[in-house]
Trainee: 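To start, I am sharing the structure in question, which I have written as structure tokens.
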Protein chains: 2
Amino acid sequence: MATGRSHRPATRGRGIPEATVARLPLYLRALTALSERSVPTVSSEELAAAAGVNSAKLRKDFSYLGSYGTRGVGYDVEYLVYQISRELGLTQDWPVVIVGIGNLGAALANYGGFASRGFRVAALLDADAGLAGRLVAGLPVRHIDELESIVADNQVSIGVIATPAGAAQEVTDRLVAAGVTSILNFAPTVLSVPDGVDVRKVDLSIELQILAFHEQRKAGEDDRQEPDGDVPAVMPA
Amino acid sequence: MATGRSHRPATRGRGIPEATVARLPLYLRALTALSERSVPTVSSEELAAAAGVNSAKLRKDFSYLGSYGTRGVGYDVEYLVYQISRELGLTQDWPVVIVGIGNLGAALANYGGFASRGFRVAALLDADAGLAGRLVAGLPVRHIDELESIVADNQVSIGVIATPAGAAQEVTDRLVAAGVTSILNFAPTVLSVPDGVDVRKVDLSIELQILAFHEQRKAGEDDRQEPDGDVPAVMPA
DNA sequence: ATGTCTTTGTGAACGCGTGCACAAAGATGG
DNA sequence: CCATCTTTGTGCACGCGTTCACAAAGACAT
């Protein structure tokens, strides 16, 4: 991965394993649903089922946060919601810029899950001057040249890239230079960033190809007629 | 994860480790770019750099596919493209239905990476009858009630869910009942599916929260003034 | 107060994934 | 034909993540 990592050995001090961090949002979502239904407590078994994970894993995950459960009873829903939110940093406000307001960028801007939990869209940016001023999700699209000032003025530390692949690296460089230290990349490219900058990527094409692999494997099991081992038309020199 | 897995121990027979499968599309993309520049061969070091991975890892990954390299020279680009494509099942055609043609669904329909590699959008479906007939990415939106017949007629095995969270499980059930065995889920919900059905999820909100966690960690290192250990307002019973 | 029953928290074992480091393989030049 | 040099393929060790299984903790009833 092109993640500019300086990730320490995952667990240092009260550091939380990366795999656990990735599941916390899942638990949080399930807990929020319970909270809205005014459910006071929940057992690891129930919550694990709601989040789609193993209950032992869930208990171990929570044990990294501290001993927040009550034996014989379960976990206090409201208390856990707070603790996980705090651990994830969702008790503070994270201004975000979205770069590239095409179909995808507009979809992201309209995505409700954004504002719901600590994330605030500070600005929508696009290289197309014709788009400037157009309202998307209630926000005006602004020209990419305003990137540096917007990032500085709003203390933006998270950038979302929804540009074509060709523009992604340049946008990344500008974001990083302006002070952004976390990037969520939707463009199908490997981004290179300096140490200390985190990159996560979301890649539709890769996901589909992984599904196709398994799909093919399933098909190959049923009707055992895979043209296996055949020498292809193209041969190495 | 709610993946209806029956995944064997990752490596059985000439089975390829899951982690390797997830990287193959990355290699394929880098190789395709090289192929378009008519580069005949590439070393593991160069290709690894282009894909953003460690070269030893790349070589080990390729070793699961077979011995396709030439020592002292590297890998034949065209040959590797073919082998990886075949392994991923991209040499055949995968019809896909996209359910939920809102902002996101439209973005997915317009995504070029779809058609480029073996994936063909068989139909766009939406529950809103008002959308029916509207052209998106050159395809007419069709009503969700046509789901079953479309899946059957086109032998669709892959479904993409871009609906609101509330509709995702019902759509999933219908897709699975109609014969779909792989699902790519963009809705922020845990899907439950029977064994034998693969689910992969793409969740913007989760990715952002993971970034926020690391961002907070970075900030907490610089200025050591985290309100750590403070007893929150909400307490357990 | 005591016993029973539920559920957490975690020690321990295991398996997968990663990266080092090197031997084997083959190309290339003399 | 031999020596040298490059690059692959992989044995090995290590660490993270997962899961099992159980002891400890506490609720609850009697």
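Everything numeric in this text was worked out from a predicted model, so none of it was measured.
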Trainee: How many whole angstroms separate atom CD1 of A/Ile16 from atom P of D/dG17?
Mentor: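 Going from CD1 in A/Ile16 over to P in D/dG17 covers 12 Å.
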Trainee: Quickly work out the A/Leu58 CG to C/dT7 C1' distance and round it to whole Å.
Mentor: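 It works out to 12 Å between those atoms.
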Trainee: What pairs of donor and acceptor atoms, side-chain ones from residues 31-38 of chain B against any protein atom, are under 3.5 angstrom apart with sequence neighbours left out?
Mentor:
from	atom 1	to	atom 2	distance (Å)
B/Thr32	OG1	B/Leu28	O	2.7
B/Thr32	OG1	B/Arg117	NH2	3.2
B/Ser35	OG	B/Glu78	OE2	2.6

Trainee: Which nucleotides of nucleotides 20-30 of chain D have their base under 4.0 Å from a protein heavy atom (B), which only their sugar-phosphate (S), and which neither (-), written as one string 5' to 3'?
Mentor: BB--BB-S---
Trainee: I need the CG-P distance between A/Asp61 and C/dT10, as an integer number of Å.
Mentor: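 My rounded result for the distance is 13 Å.
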Trainee: To the nearest Å, how far apart are B/Glu46 CD and D/dT7 C1'?
Mentor: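 To the nearest whole Å, that distance equals 11 Å.
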Trainee: How bent is the helix from C/dA1-D/dT30 to C/dG30-D/dC1, measuring the angle between the end axes built from five pairs each, rounded to 10°?
Mentor: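 Computed from the C1' atoms at both ends, the axes differ by 10°.
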Trainee: Nearest 0.5 Å, please: how far is CD1 in B/Ile206 from CZ in A/Arg23?
Mentor: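 The CD1 atom of B/Ile206 is 11.5 Å from CZ of A/Arg23, to the nearest 0.5 Å.
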Trainee: Return the value, rounded to whole Å, for the distance between atom NZ of B/Lys57 and atom P of D/dC16.
Mentor: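 Distance check: B/Lys57 NZ to D/dC16 P gives 14 Å.
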Trainee: Do we see a donor-acceptor contact under 3.5 Å between the side chains of A/Arg59 and A/Ser44?
Mentor: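 A donor-acceptor contact under 3.5 Å links the two side chains.
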Trainee: I need the CZ-P distance between B/Phe62 and D/dT8, as an integer number of Å.
Mentor: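 These atoms are roughly 10 Å apart.
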Trainee: Is the closest side-chain heavy-atom distance between B/Asp61 and B/Lys57 below 4.5 Å?
Mentor: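 B/Asp61 reaches B/Lys57 side chain to side chain.
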Trainee: With sequence neighbours left out, which residue pairs that include part of residues 22-61 of chain A fulfil the ring pair (Phe, Tyr, Trp, His ring centres under 6.0 Å) condition?
Mentor: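 Qualifying pairs, neighbours excluded: A/Tyr27-A/Phe62.
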Trainee: For the residue pair A/Thr41 / A/Asp76, report whether a side-chain donor-acceptor contact shorter than 3.5 Å exists.
Mentor: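 Checked: A/Asp76/A/Thr41 side chains show no N/O donor-acceptor pair below 3.5 Å.
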Trainee: Donor-acceptor pairs under 3.5 Å, side chain of residues 156-170 of chain B to any protein atom, not counting sequence neighbours: which ones?
Mentor:
from	atom 1	to	atom 2	distance (Å)
B/Gln169	OE1	B/Ser192	N	3.0
B/Gln169	NE2	B/Asp173	OD1	2.9
B/Gln169	NE2	B/Ser192	O	3.0

Trainee: Does any pair with a residue in residues 40-49 of chain B pass salt bridge (charged side-chain N to carboxylate O under 4.0 Å, His left out), and if so which ones, sequence neighbours excluded?
Mentor: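 Passing the test, one end in residues 40-49 of chain B: no pairs.
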Trainee: Report the residue (B/Arg23 or A/Gly66) whose heavy-atom-nearest nucleotide on DNA chain C is the more 5′ of the two.
Mentor: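 It is A/Gly66, whose closest nucleotide lies nearer the 5' terminus.
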Trainee: Using a cut-off of strictly less than 4.0 Å, decide whether B/Tyr64 has a side-chain nitrogen or oxygen near OP1 or OP2 of C/dG17.
Mentor: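 Indeed not, no polar side-chain atom of B/Tyr64 lies that close.
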Trainee: Would you say A/Ser44 places a side-chain N or O within less than 4.0 Å of OP1 or OP2 belonging to C/dT8?
Mentor: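 Looking at the OP1 and OP2 atoms of C/dT8, one of them is under 4.0 Å from a side-chain N or O of A/Ser44.
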Trainee: Using ring centroids (six-membered ring only for Trp), state whether A/Tyr75 and A/Tyr68 fall under 6.0 Å.
Mentor: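 Ring centres of A/Tyr75 and A/Tyr68 not closer than 6.0 Å.
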Trainee: By the 4.0 Å heavy-atom rule, please label A/Tyr75 as base, sugar-phosphate, or nothing.
Mentor: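 Sugar-phosphate, backbone atoms only, no base.
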